[in-house]
Protein chains: 2
Amino acid sequence: MLEAAEALGYFPNAIAKSFVTQRSGNIGVSLPSVPNVRLFSTYYFSEILSGIGFEVQKHGYGLLLQFREWEGKPDFALPFHTRKIDASLILGVRMGGAEEEAAAELEREGMPFCLIGSRGSSPSFSAVDADHCEGTGKAVRHLVEQGFRRLAFVNGPLVYSNSVDRQQGFEAEIKRQGLDVADVLYLEGNYSRSSGLELAAQLYAQRDRFDAIVAGNDRMGIGIVQGLKERGMLAGNDYGIVGCDDSDASKILEPPLTTVRVPFFEMGRAAASRILEGLKSGEARLEPFHETLPTELIIRESSLKAR
Amino acid sequence: MLEAAEALGYFPNAIAKSFVTQRSGNIGVSLPSVPNVRLFSTYYFSEILSGIGFEVQKHGYGLLLQFREWEGKPDFALPFHTRKIDASLILGVRMGGAEEEAAAELEREGMPFCLIGSRGSSPSFSAVDADHCEGTGKAVRHLVEQGFRRLAFVNGPLVYSNSVDRQQGFEAEIKRQGLDVADVLYLEGNYSRSSGLELAAQLYAQRDRFDAIVAGNDRMGIGIVQGLKERGMLAGNDYGIVGCDDSDASKILEPPLTTVRVPFFEMGRAAASRILEGLKSGEARLEPFHETLPTELIIRESSLKAR
DNA sequence: CTGAAAGCGCTAACAC
DNA sequence: GTGTTAGCGCTTTCAG
């Protein structure tokens, strides 16, 4: 019957349906946009987005993409108020800032949403992320197993929960390995390759303090490898290094970069799946949930100790 | 007055508005999704998407993201029929296949749409792309100016209009430089790094036939550089090579890859801008338009002839 | 120029 | 079970 109707050129008007059911059939995805500067790797976002898209499609929902300004307070609630979306997936949220305030607003109004790739400082926010704590631990253990003993840790900004997670995982594993946290050389970049490049100068100046480096992501790791190479230090030869993300670039670096693989696609999928189930269940308010997906250490040459 | 209303907790219901105005206020963006295999670089899509997002936001429209299956005939018309979108931007269309048939349907029904990054075989389809013809010409000229004379051309599948453009640009410039097209070594990959890696074997076997390579994109170029390096041939030293896209990876390759920069962001912006203007003008049927944006040759070490 | 009313295309509730 | 109708929140039209 419906097929017959379609053959006659009839299509149900989804807007009319949304109007009466009070459900748009769309879920919103908010991501930060920084014109001309990409602090986040495009890899990161496109993988998560694909995962979301996969799941959303499967449930017959639409996916409304919303770029937000990097600075200032985003209005996560507006598309709910105007009934354009039924739920929101929010990427790249920093802790303790305007983004979190805006998320708290959503919570107050009972709008279903989930953070992806960062937890936010309140446990009442639903969130899906990778287990960066465990991932960084694996990186440390691997380096120690390779025979490295004096580790440097180049982290990203601590406004991201995953940076905090990495720090925790790093320190916990350092202790577990019987090493002294006080000996660790800490540096902080902004997750960009250029910040890795800059940090390489500082690392070189203190090269007697470390024999291996854990970098918060591949992009910084790559910048460090390049910066140290300029100064005559070769990854894998003169020091070990592990990145994080398993980006394409990590594979083509010379030497190839050992890295912590993060299941971005699965993270997007998981978050979308939970949110959509919540919508379908029709409950007034979704219980906050937290999902932490496992990471995997991908061992390449950059962390293999030369003999 | 509207602000006062908002203070009282009122928000206009965008769905109700769409219902009555018969306009969803959303632009659809269709992109191919290949689970676990990325033939397209994520860079390509995320840049175009950002450009679209920038423009769409500016006009107060929403951006509905639609992943389509790699195989089979996509239903570009459905979201129009169900009134979920007012116009469509379609990425990654192959010529002469089911995607084009689906696009032809849109055209027949008078739905506004624009292809981005590929033209389609019919000039009646609106399209925005980079000037790959000119870009590849620049690459050839540069290599010849560097003193290379026997060029190899590793193109992508000819189902993409940009591959055809590159072929034309390549041959035209070869002739213009007084070289013989018949001498050129032609190979075809699928734009992935692994296909470049495989093609490197063939290139190596015929290494007496070329002293420089033009690759259809960076990913293949990188694969070629890596594959030839395994066999002892060093880019920049033993041969020159130029890629295309100016991807992040091209910068970290060793040696850094000379490449044709493609204004992806601007392409997305231009297409969205034209389509949105068309919608606002309210004309029944949008005149088909074609925009071809200039490329830029980014010279790095891989194409500099050693002395 | 201001204010009332019709109607968009569906779903859900209700009557038959 | 099947058929009818009210009504969702806007915009547009038409009357005052």
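Sequence lines set the chain letters: A, B, ... in the order given, protein chains first and strands last, and positions in each chain run from 1.
From the 5' end on, the contacts that DNA chain C makes with chain B at under 4.0 Å to a non-hydrogen atom open and close at C/dG7 to C/dG9.
In this structure, the CZ atom of A/F19 is 6 Å from the C1' atom of D/dC10, given to the nearest Å. Across the protein-nucleic acid pair, B/K17 atom NZ and D/dC8 atom C1' stand 18 Å apart, rounded to whole Å. As a whole-Å value, the separation of B/F11 CZ from D/dC8 C1' is 20 Å.
Taking the six-membered ring where tryptophan is involved, the planes of B/Y191 and B/Y160 are tilted, since the angle between them lies from 30° to 60°.
The backbone N or O of B/K84 lies less than 3.5 Å from a partner atom in the side chain of B/S24, making a donor-acceptor pair.
Residues B/K73 and B/E105 are in side-chain contact: their nearest non-hydrogen atoms beyond the backbone lie under 4.5 Å apart.
Axis angle, first five pairs versus last five pairs of the helix from C/dC1-D/dG16 to C/dC16-D/dG1: 50°, rounded to 10°.
Interatomic distance, B/L89 CG to B/M267 CE, rounded to the nearest 0.5 Å: 11.5 Å. Taking CG of A/D86 as the start and OG of A/S18 as the end, the distance is 7.5 Å to the nearest 0.5 Å.
In terms of heavy-atom proximity, A/S161 sits nearest to A/D129 at OG-OD2, 4.3 Å.
Centroid-to-centroid, the aromatic rings of A/F113 and A/F76 stay 6.0 Å apart or farther.
Checked against ring-ring contact (aromatic ring centres under 6.0 Å, His included), A/F67 has no partners two or more places apart in sequence or in another chain.
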